[in-house]
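The structure under discussion appears below in the form of structure tokens.
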Amino acid sequence: MERIKIGTITKPQALKGEFRVKPALLNLKEYKKINKVFISNNEYNVESVSLRDTFVILKVESINSCEQAELLRNKEIFADMDIKFEEPLDLKGYTVFVENEEIGEVVDINNYGSKDILSISGKHSTMLPVIDGLITKVFDDKKQVVLDAKIFEQVAVYED
């Protein structure tokens, strides 16, 4: 196992010592597997994990008030895990397919704080956030990416 940064604490959540974490892992479900975390070289047992679209809410032992959680604001949080950091999403220049239909090419990838945003140029210029389940397959050898049709329809923003 390797100790890796799993995120940054952003602020307290509610009144009982829970706090929000800006995730450093793309697959938020990995947070459910964590039993212990390390904050400023102090070890804490995880009591609960709640997943949201763009952040994770953690509750750890011995942090029992909003005031105690506030003291952790902006601190990095680590865990011993078998997985490594997710590589930054680098699909620029990849041809994009929704199911079997080609819709264009990734021309840019931006991150405005919570998720990577793909800019796709094709018949319609499209922007979409990279959320869980959107990307179903990546073929690095062919420089192709396949997207889930249902999720694509829900999150795509057309610029034209």
Those residues that, when tested against [X], pass side chain to side chain contact (heavy atoms under 4.5 Å, CB included) (two or more places apart):
| X | result |
| --- | --- |
| Glu67 | Ser65 |
| Ser48 | Glu18, Lys59 |
| Lys33 | Glu30 |
| Asn74 | none |

Residues forming a side-chain hydrogen bond (donor to acceptor under 3.5 Å, both in side chains) with [X], sequence neighbours excluded:
| X | result |
| --- | --- |
| Glu99 | none |
| Glu43 | Lys36 |
| Ser50 | Arg52 |
| Asn41 | none |

Are any of the side-chain heavy atoms of [X] and [Y] separated by less than 4.5 Å?
| X | Y | answer |
| --- | --- | --- |
| Phe97 | Glu102 | yes |
| Leu58 | Ile9 | no |
| Ile63 | Ile39 | no |
| Tyr31 | Val46 | no |
| Ser119 | Met127 | yes |

Partner residues of [X] under the salt bridge (Lys or Arg N to Asp or Glu O under 4.0 Å) criterion, sequence neighbours left out:
| X | answer |
| --- | --- |
| Glu76 | Lys5 |
| Glu61 | none |
| Asp80 | Arg3 |

Counting neighbours of [atom1] on [X] that are heavy atoms of other residues, nucleotides or ligands and sit closer than 6.0 Å, is the number greater than 12?
| X | atom1 | answer |
| --- | --- | --- |
| Asp140 | CG | yes |
| Asn35 | CG | no |
| Leu71 | CG | yes |

Answer with yes or no whether the hydrophobic clustering places [X] together with [Y]; edges join I, L, V, M, F, W, Y residues whose side-chain heavy atoms lie under 4.5 Å apart.
| X | Y | value |
| --- | --- | --- |
| Met81 | Val21 | yes |
| Val96 | Val138 | yes |
| Ile103 | Leu134 | yes |
| Leu51 | Val37 | yes |
| Ile135 | Val157 | no |

Nearest 0.5 Å please: distance from the NZ atom of Lys16 over to the SG atom of Cys66.
13.0 Å

Taking atom CD1 of Ile6 and atom CD1 of Ile34, what is their separation to the nearest 0.5 Å?
3.5 Å

Would you name the heavy atoms of [X] and [Y] that are closest together and state the gap between them?
| X | Y | answer |
| --- | --- | --- |
| Pro23 | Phe55 | CD-CA, 3.9 Å |
| Ile109 | Val106 | CG1-CG1, 4.0 Å |
| Val49 | Lys32 | O-NZ, 2.9 Å |
| Asn110 | Asp108 | ND2-OD2, 3.4 Å |
| Ser62 | Gln68 | O-NE2, 3.6 Å |
| Ala79 | Phe38 | CA-CD1, 4.3 Å |

Taking it one step at a time, do Ile77 and Phe19 satisfy side chain to side chain contact (heavy atoms under 4.5 Å, CB included)?
CA-CA 11 Å; Ile77 185 167; Phe19 50 84; 4.1 Å; yes

Could you list the donor-acceptor pairs under 3.5 angstrom formed between side-chain atoms of residues 143-155 and any protein atom two or more places apart in sequence or on another chain?
from   : atom 1 : to     : atom 2 : distance (Å)
Asp148 : OD2    : Lys150 : N      : 3.1
Asp148 : OD2    : Ile151 : N      : 2.9

